[in-house]
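Have a look at the structure below before the remarks.
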Amino acid sequence: APTGTLPASASLQIVSSDENAPEEGLGLLMTGNTAGPCIQVTPSPLSFGGKAIGELSVLPVEIVSCGSAPLEISGIALSKGSSPDFALDMTSLPGFEDGSAPSEEQKLVVPSNETVSFVLRFNPDAENPKDSQNQPIPDVAHILVSNNTFNSVIDVEATGVGVDVT
């Protein structure tokens, strides 16, 4: 089975000692994720790198409907435990200009071969602590995109580091 959300194919060659079977065996072509909705979220993962404390940085996040049927987004949210230095801005999503987010009650429907985007904000409030090798331990967030594909929740990791520039 495909391990990602994009279409995939493979072939299987079955060889038998049965005297009635063809000497070269029987070939079977297998495909997956070739029909129905498909989702691509980019970039994944997201990295803000080091940013000055108190300075807002933003990165766009794109969702591509890559299948043969419309993609239905029923949720976009930061997971529990995500750093509070991250926030989502949905105002660029069609139908969500008021800042609300897609939900089961109000889905975002993306037609095949179309792209929508939203923004992830990072505003570090303090310098990040350092590990035993004196490397900063990044703030981490996970964006969860609930959808109608076979992989019903896409998890996109985001990282950033607060840097004291004074």
Side-chain angles (χ1 to χ4, degrees), residues 1-14 26-52 55-125 128 136-162:
T3 56
T5 57
L6 297 177
S9 64
S11 61
L12 174 67
Q13 195 71 22
I14 302 171
L26 297 172
L28 176 64
L29 178 63
M30 300 175 288
T31 59
N33 305 344
T34 58
C38 170
I39 184 172
Q40 279 183 285
V41 181
T42 58
S44 181
L46 289 123
S47 176
F48 283 90
K51 299 298 177 189
E55 288 192 23
L56 175 65
S57 297
V58 298
L59 284 176
V61 180
E62 288 190 340
I63 298 175
V64 179
S65 176
C66 52
S68 60
L71 172 64
E72 295 179 1
I73 305 293
S74 56
I76 301 174
L78 295 176
S79 69
K80 290 183 181 181
S82 289
S83 168
D85 291 349
F86 294 95
L88 296 170
D89 178 350
M90 309 289 185
T91 57
S92 61
L93 291 175
F96 298 91
E97 294 84 357
D98 63 355
S100 63
S103 64
E104 281 293 333
E105 296 76 33
Q106 185 182 3
K107 294 178 181 172
L108 170 61
V109 178
V110 185
S112 297
N113 302 313
E114 301 245 342
T115 300
V116 296
S117 64
F118 62 93
V119 171
L120 179 64
R121 298 175 179 271
F122 178 59
N123 192 357
D125 61 358
N128 286 67
I137 300 169
D139 291 322
V140 178
H142 288 267
I143 304 169
L144 304 177
V145 182
S146 302
N147 63 85
N148 65 330
T149 69
F150 82 96
N151 190 3
S152 63
V153 178
I154 304 297
D155 182 342
V156 179
E157 184 179 76
T159 58
V161 174

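Of all heavy-atom pairs spanning M90 and S100, the tightest one is CB-O, 3.3 Å. When every heavy atom of C38 is checked against every heavy atom of G67, the shortest pair comes out as CB-N, 3.3 Å. Nearest heavy atom pair, residue I143 against residue L120, reads CD1-CD2, 4.0 Å. Pairing each heavy atom of S82 with each of A141, the nearest pair is OG-CA, 3.4 Å. Between P43 and P60 the shortest heavy-atom distance is CD-O, 3.6 Å. Between S79 and L144, the closest heavy-atom pair is CB-CD1, 3.7 Å.
Legend: residues meeting salt bridge (Lys or Arg N to Asp or Glu O under 4.0 Å) with K51, ordered by chain and number and at least two apart, are absent.
Contact of the T115 side chain with the S65 side chain is not registered, since no non-hydrogen atoms from C-beta on lie closer than 4.5 Å. In this structure, V161 and F48 have side chains that are not in contact, with every pair of non-hydrogen atoms separated by 4.5 Å or more. When side chains are defined from C-beta on, F118 counts as touching I63, because their heavy atoms get closer than 4.5 Å. Considering only heavy atoms from C-beta on, V145 stays 4.5 Å or farther from V153 through its side chain.
Between the E97 side chain and the G95 main chain, a donor and an acceptor come within less than 3.5 Å of each other. Between the N128 side chain and the I137 main chain, a donor and an acceptor come within less than 3.5 Å of each other. Under a 3.5 Å cut-off, the side chain of S117 and the backbone N or O of V61 do not form any donor-acceptor pair. Counting only distance, with no hydrogens or angles, the side chain of S44 and the backbone of V41 share no donor-acceptor pair below 3.5 Å. Between the side chain of S83 and the backbone N or O of F86 there is no donor-acceptor pair closer than 3.5 Å.
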Practice task
Check the pair D125 / D85 against side-chain contact (heavy atoms from CB on, under 4.5 Å), numbers first and verdict last.
Solution key: CA-CA 7 Å; D125 61 358; D85 291 349; 3.3 Å; yes
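Summarising the geometry, atom CD1 belonging to I154 is positioned 8.5 Å from atom CD1 belonging to I73; distances are rounded to the nearest 0.5 Å. Taken from OG in S74 to CD in E72, the straight-line distance is 8.0 Å, to the nearest 0.5 Å. A distance of 10.0 Å separates CD of Q40 from CD of E62, quoted to the nearest 0.5 Å. To the nearest 0.5 Å, the span separating CG on L108 from OG on S146 amounts to 12.5 Å. Taken to the nearest 0.5 Å, the OG1 atom of T159 stands 9.5 Å off from the NE2 atom of H142. The CG atom of L56 sits 5.5 Å away from atom CZ of R121, with the distance rounded to the nearest 0.5 Å.
Side chain to side chain, T149 and N151 fail the donor-acceptor criterion of an N or O pair below 3.5 Å.
With P70 as reference, V109 is the one residue of N148, V110, V109 to meet the side-chain contact (heavy atoms from CB on, under 4.5 Å) rule.
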